[in-house]
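The block underneath contains the structure these notes are about, expressed in structure tokens.
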Amino acid sequence: MAKSLSLNEIRNRAARFALEWADAPGDERQDAQSFVRDLLGVYGITKTRAAFYEKRSRRSSTGAQGYIDALIPGVALIEMKSAGKDLAEAERQALDYIDALSDPEVPNWVITSDFRRFRILDLAAEGDDVLEFDLAELRDHADRLAFFAGYGQRAFGSKEQERASIDAARLMASLYEALGGSGYDDHEASVFLVRTLFALYADDAGVWERDLFLEFLETRTAEDGSDLGPQLSLLYQVMGREPQRRQTNLDELIKRFPYVNGGIFEEPLSIPSFERTMRERLLAAAMFNWSEISPAIFGSLFQAVKDKKARRELGEHYTTETNIQKLIGPMFLDELRQRFADGFHDAKGLRKLRDDMGRMRLLDPACGCGNFLVVTYRDMRALDLEILQRLQQLGSADVTLAFVDEDLPVRLSSFHGIELEEWPARIAATAMHLVDHQANKAMELALGQAPEALPLDKIETIVVGNALRVDWTSVVPPTTSLHVMGNPPFLGHASRSEEQAQDLRDAWHRKDIGRLDYVTGWYAKSLDLFARDGYDGQFAFVSTNSITQGEPVPALFGAVFGAGWRIKFAHRTFAWTSEAPGAAAVHCVVVGFDRATSSAAWLFDYDELRGEPHRVPVKHGINGYLVDGPRVLVEQRSRGPIGSDLPPMVFGNVPRDGGHLIIERDVAQEFASDPVATKYLRRYLGARELIHSEMRWCLWLVDLDPGDLAKSQRLKSRIDAVRTWRLESKAKQARDAAATPHLFWYRSHAEIPHLMVPSVSSENRLFLPAGRFGPEVISSNLNYTAEDPDGLAFAVISSSLFMTWLRTTGGKLESRLRFSNTQVWNTFPLPALSSAQRSAMIAGGQTVLDARALRPERSLADHYNPLAMAPELLQAHRKLDAAVDAVLGLKGSVDELDRQRALFESYERMIAAGQLATQPKPRTKRAAVKA
């Protein structure tokens, strides 16, 4: 049975090649093809691609036609010259041809030779990576050309791999479209594509003879594609059988294919029907260099080929390895690498490190196409290889014993996954096989030995099922070194289905799941798993940042902290690129937990959502808001502010009128000629009008004189329209309000100066764009309002201290800040103020109002444009901040982290002092009324 070539075989073949060609005359025209064919034969490349020798191409510099001596598409271009010719000039000629090649044909390497010397140029390397050597030295440099036999020399996660993976996925999408268009069963098409992917990869990556699958397609299938389906079915059936179970009269070429196993060729399939175009697409895919792909990137893209819209956007969205590293790095990989560095001169310590890696078990319970598992396996195998190389340098005698699967500490059987759908689960298993092969090739390249490529072990550790219903103990056995990780789906309380809501209730063992996101079900299942006997370790998930904001924080982190876990590391909010093509970047956090108490915690912050993280020192510990500070949980409070100096904050007024009590700008002029109706007009502000100074009015008729209805037909028709609309409403509350059609359905307005706060505001502003108004202005329900006769509430809401509290404990709509009276205002931990503190804060707030008044033409949006704030307004806010910060003992240069810590400490003190039980002051004048 033919096998891929080992490096020792390649080196020996290279030595024989050098001897055979040592005395050749070196005539370019007569010997070039033979020389190239023999050279490629050293690496197992057969005559199959002879059609690509002497490829006709146009030189970009002259426009003249010429011939490339040999082109292995996507791999290498070979240019031959007569003995003694200038190889650098030959290289320039070769580069001249490349511009005329199609994208799949463009090589990564240019090889020039004059039969006596070789010159090798790596086009993908930075700078000029050129190697020259004599024919007699070919054996010594044979490894440099090992890419011909599928030995990769590219850095994992490189731009070259990214480009190759995207191109490969597009080829697979083309194949799927052809299969789907023929009416082939979708499940069987999925299995067929996975088998074809493996065959294409194996053809280029040294799993078997180079180009064996391509040779089969070219020489054993008809050009019209009529017999391609039966021939492939036979081939795939043969690769799923051990040699002793195969028919003895098989075609000699088919006999050369090895037994693969691994479950890839196990399931029987019906025979697909092909035609000429479909065969041509498969041949085009076979011409691609599949050894260049990254299983981690390709898995995400391959998952998308079955979706029409996703196919159009292939390459635009996938989970980047950088984002995956944000989880696996601080969770365990950084520590393993540090142990390697610390024990660099200690063979015993390095062996202990390998043993510890061998005890690790990894579970991704939302594994999708296996990105996290693939990247983790790849990086752990790479680290193990570094350890082995170092042990070899230290003279360790047992290194050569480590090249069979059972002796490797990092094994496929240690990686477990749960995936809802069969298609991505199949991709995950296949990707694990591919990355395992790449790791083995890297080991052989470095150490000369590696486990055998085939037959594959069947991956039975990836389970298809609903992770919130599957018993995780059936997926991974008891272990004290378990690492649960991944990127579960995000679904807010408003977007999840009833079935998903029930999944969440079952996972949390509670009926009321409130605003918990669907992703928190994986936290609940992790807590359950680690509560079982025999399980210990860590867990970490990528999650929507809403789990660290507002109401969900106590519900989630109260359970986690209560079970004895602490936050080991966390990435604060950043933009995560989803693996789903077409999906927008979502705002995420990464949170990792362990039960340790002595090791340092790591907190990563971002200056920009799409920027790079920087590590923030952690002194006290990380709480549920991802702040270094007391582990407090801010519960919603409906009984009024805990700060006794603050007034209650209520919703603005709700008309529920069908729009008939609201006067838009385009009809306002109609009322100018009606003095009766005009006297009831009040300026009416929603959040947009408040922030952008847009004009809108309402009919505020709490003091309506009934006689005015007879005097103003315009007024009467508006009120009649409200009555009709309410009576026809399906809502009982609206129908009940038809008895008072002249009144807003909900009224919280009081005839005193008041504060207006928009319910949603941009996260980019430094300060909250709140306004202070007289009693003549009415607020809609898109704002919150509070009585503010002296301006204290305005001063508090306009401070950086309050903005920090809002950013930290408030919810968000997408990335925008969401103000809430119960979650943010009522919980703001402002201690009792002295007379001097109160006066200083009010004066600071007035300074802000005065600075705004200097530019009355500007809206609040203009005033608080983060790129164009007026210097005097900034200075006014600094004066206000100094007064407000001082209440919590903050002085001098203060940043957000200082304020967060001080706020949580104040909240903790107020809890300890029992101030959460403080009753709000009575609101006799401002009692909200429903019509």
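All residue numbers in this chain count up from 1 along the given sequence.
- Ring centers of Phe904 and Tyr625: under 6.0 Å apart, within the cut-off.
- Remark: Asp605 does not engage Arg615 in a salt bridge, criterion side-chain N to carboxylate O under 4.0 Å.
- Note: Tyr864 OH to Asn764 CG = 16.0 Å, rounded to the nearest 0.5 Å.
- Atom CG of Asp895 has more than 12 neighbouring heavy atoms from other residues, nucleotides or ligands inside a 6.0 Å radius.
- In summary, the side chains of Trp805 and Thr827 do present a donor paired with an acceptor at a separation below 3.5 Å, with no hydrogens or angles considered.
- Ring-plane geometry between His754 and His749 is classed as perpendicular, the angle between the planes exceeding 60 degrees on a 0 to 90 degree scale with a lower cut at 30.
- Cation-pi geometry between Arg631 and Phe561 is met: the NZ or CZ atom falls under 6.0 Å from the ring centre, inside 45° of the normal.
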Give the C-alpha distance, both sets of side-chain angles, the deciding distance and a yes or no for ring pair (Phe, Tyr, Trp, His ring centres under 6.0 Å) between Trp508 and Tyr523. CA-CA 9 Å; Trp508 280 108; Tyr523 289 72; 7.9 Å; no

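- Counting only N and O atoms by type, the side chains of His614 and Tyr606 include no donor and acceptor under 3.5 Å apart.
- Taking the six-membered ring where tryptophan is involved, the planes of Phe593 and Phe539 are essentially parallel, since the angle between them stays under 30° and well short of 60°.
- With ring centers used as reference points, Trp700 lies under 6.0 Å from Phe744.
- Side-chain contact, Thr520 with Asp517: no donor N or O sits under 3.5 Å from an acceptor N or O.
- Between Arg656 and Gln733, the side chains place a donor N or O and an acceptor N or O closer than 3.5 Å (distance only, hydrogens not considered).
- Here the closest heavy-atom approach between residue Val702 and residue Leu743 is recorded as CA-CD2, 3.7 Å.
- Atoms CD1 and CG, on Ile642 and Asn826 in that order, are 9.0 Å from each other to the nearest 0.5 Å.
- Inspection of the Ser799 and Asp881 side chains reveals no N or O donor paired with an N or O acceptor under 3.5 Å.
- Side-chain contact, Asp850 with Gln846: a donor N or O sits under 3.5 Å from an acceptor N or O.
- Judged by distance alone, with hydrogens and angles left aside, the side-chain atoms of Asp528 form no donor-acceptor pair with the main-chain N or O of Lys525 at under 3.5 Å.
- A salt bridge is absent between Arg899 and Glu905; no separation between the charged side-chain nitrogens and carboxylate oxygens falls under 4.0 Å.
- When ring centroids are compared, Phe490 and Tyr518 stay outside the 6.0 Å threshold.
- Screening residues 756-776 for salt bridge (charged side-chain N to carboxylate O under 4.0 Å, His left out), with sequence neighbours left out, gives Arg772-Asp788.
- Between the side chains of Thr808 and Gln900, at least one donor-acceptor pair of N or O atoms lies under 3.5 Å.
- A perpendicular orientation is assigned to the rings of Phe569 and His571, their planes being inclined by more than 60° (bins at 30° and 60°).
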